[in-house]
Amino acid sequence: MRFNQKGNTVAYDMSLFYFVAFLTILFSLLVIFTKNPVYSVLSLIATFFTFTIHYILLNAQFLAVVNFIVYMGAIMVLFLFVLMLMNLNEETEPMKSNLIKIIGVIAGVTLLVTLVGSIHALQTTGVSATPNSEIGLVENLGKVLFSEFLLPFELSSLLLLSAMVGAVLLAKKDKRTNNG
Amino acid sequence: MDNISATIQVVPLNHYILLSAIIFTIGVVGVLIRRNAIIIFMSIELMLNAVNLLLAAFSAYSGDASGQVFVFFIMALAAAEVAIGLAIIVMVYRNTSSIDINILNRLKW
């Protein structure tokens with residue numbers, strides 16, 4: 001294993017990135033192609049975990065921790081809880097016809113080809129070849145978050161509050177209907 | 001020579017863009033080919049995560065911390081969105097005993 005020129009960067013083999021990228025693609029394919037919704041959720045958890053590894057490889061430590069807590073903690077518990085509540089399995093799974101599936105895959109591949117083509121035409125000038133190792137640390141991000149982005153940060157608390165109220169209101173049983 | 005091998009060692013930014021594009025496309029395909037509302041929701045989460053990774057990679061490679069702050073805000077937004085969306089799905093399931101989105105086509109009228 002060689003080290004890149006930034007002495008304090010976490011040195012890793014380049015093949016590790018490709019291995020984790022392969023895992024990310026594999027698990028995200030499993031999310032949309034498995035018939036059983038429970039396996040989809042489990043694949044989604046694995047996908048989020050590989051995203052956490054990607055953040056660690058980018059030395060974005062704050063994002064890695066937040067991704068781990070928010071996605072693999074909160075969001076996954078929500079998904080699994082709702083899934084258990086609904087008692088879904090492979091037999092009740094609604095499937096689209098094969099024609100729609102083929103058309104969907106073709107549309108997706110077309111989108112991918114368009115994106116890749118535009119990436120090749122992209123000029124990445126002004127972007128250094130090596131990642132800056134310092135900015136992803138909690139200290140730097142905290143300074144930016146509480147100086148430059150203070151107002152959006154406070155507004156996001158309002159968003160979370162309204163989301164909480166909205167979720168409680170939506171999930172509450174309507175008293176006017178009997179079968180509700 | 002040592003410097004060249006050191007720069008080659010680092011993953012190029014284009015590969016991060018490519019990975020994000022692939023995952024975003026997988027999310028789009030998932031929305032298109034599935035009828036289960038929860039799976040569609042997961043595909044949207046995949047798309048959000050692809051964008052997050054791309055923003056974080058751009059931020060790290062261009063040395064600007066704003067990108068990672070945006071990712072933080074997107075994560076807060078995604079948490080709120082999941083809570084609301086799953087509440088809506090629970091309500092739909094309670095009313096129709098199914099989470100097939102084709103049942104919801106009466107919303108068109």
Side-chain angles (χ1 to χ4, degrees), chain A residues 2 4-5 14 17 21 24-25 28-29 31-32 37 40 44 47 51 54-55 58-60 63 66 70 74-75 78 82-83 85-86 93-96 100-101 104-105 107-108 111-112 115-116 119 124 127-132 135-136 140-141 144-145 149 152 156 159-160 163 166-167 170-171, chain B residues 3 5-7 9-15 17-19 21-23 25-26 28-30 32-36 38-39 42-43 45-46 49 53 56-57 59-66 68-69 71-73 75-80 82-84 86-91 93-94 99-100 102:
Chain A
R2 278 169 293 173
N4 55 19
Q5 64 248 73
M14 224 176 135
F17 167 76
T24 311
I25 295 170
S28 46
L29 281 175
V31 170
I32 66 168
S40 283
L44 194 64
T47 313
F51 271 105
H54 277 303
Y55 290 138
L58 278 172
N59 210 11
L63 286 186
V66 170
V70 172
I75 292 182
L78 272 177
V82 169
L83 215 56
L85 212 69
M86 289 180 180
E93 175 68 12
M95 294 303 284
K96 278 190 173 168
I100 301 280
K101 277 186 186 173
V105 171
L111 174 68
L112 183 61
L115 284 175
V116 170
I119 288 165
T124 48
V127 174
S128 63
T130 55
N132 188 339
I135 58 161
N140 295 319
L141 276 186
V144 177
L145 191 61
F149 292 93
S156 68
L159 172 81
L160 287 175
L170 278 174
Chain B
N3 205 4
S5 66
T7 35
Q9 182 70 23
V10 178
V11 179
L13 179 60
N14 272 353
H15 292 187
I17 303 176
L18 199 61
L19 175 67
I22 290 171
I23 295 168
T25 310
I26 290 172
V28 171
V29 171
L32 288 179
I33 68 171
R34 296 303 292 258
R35 274 169 52 191
N36 188 334
I38 293 185
I39 310 269
M42 291 186 212
S43 304
E45 288 301 310
L46 275 181
N49 261 293
L53 181 64
S59 153
Y61 276 75
S62 62
D64 188 357
S66 305
Q68 303 204 0
V69 177
V71 174
F72 174 71
F73 284 130
M75 280 177 182
L77 201 88
V82 164
I84 293 291
L86 285 177
I88 291 175
I89 290 176
V90 167
M91 204 175 65
Y93 182 76
R94 203 185 283 149
I99 48 170
D100 188 351
N102 279 19

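Everything numeric here is computed off the predicted structure, so don't read it as measured data.
Heavy atoms of F72(B) lying under 4.5 Å from chain A belong to its backbone as well as its side chain. Residue M91(B) touches chain A through its side chain alone, counting heavy-atom pairs closer than 4.5 Å. In this structure, the portions of S40(A) lying under 4.5 Å from any heavy atom of chain B include both its backbone and its side chain. For I23(B), the part lying under 4.5 angstrom from a heavy atom of chain A is the side chain only. Interface remark: V28(B) contributes side-chain atoms only to the contact with chain A (heavy atom separation under 4.5 Å). Proximity to chain A (any heavy atom under 4.5 Å) is shown, for L53(B), by both the backbone and the side chain.
A donor-acceptor pair under 3.5 Å is formed between the side chain of R34(B) and the backbone N or O of I32(A).
Between chain B and the options I75(A), L115(A), V66(A), T24(A), heavy-atom pairs under 4.5 Å are most frequent for I75(A). Contact count against chain B (heavy-atom pairs under 4.5 Å) is highest for L112(A) among L160(A), V116(A), L112(A), L159(A).
Aromatic ring pairs are classed by plane angle as parallel below 30°, tilted from 30° to 60° and perpendicular above 60°; the pair F17(A) and H15(B) is parallel.
Residues A107(A) and L32(B) come closest through the heavy atom pair CB-CD1, 4.0 Å.
Evaluation of the side-chain contact (heavy atoms from CB on, under 4.5 Å) rule for A79(B) yields V70(A) as partners, not counting sequence neighbours. By the side-chain contact (heavy atoms from CB on, under 4.5 Å) test, I38(B) pairs with F79(A), V82(A), L83(A), M86(A), L88(A), N36(B), M42(B), I89(B), I99(B), sequence neighbours left out.
For the 3.5 Å distance criterion, the side chains of D64(B) and S66(B) qualify, holding a donor opposite an acceptor.
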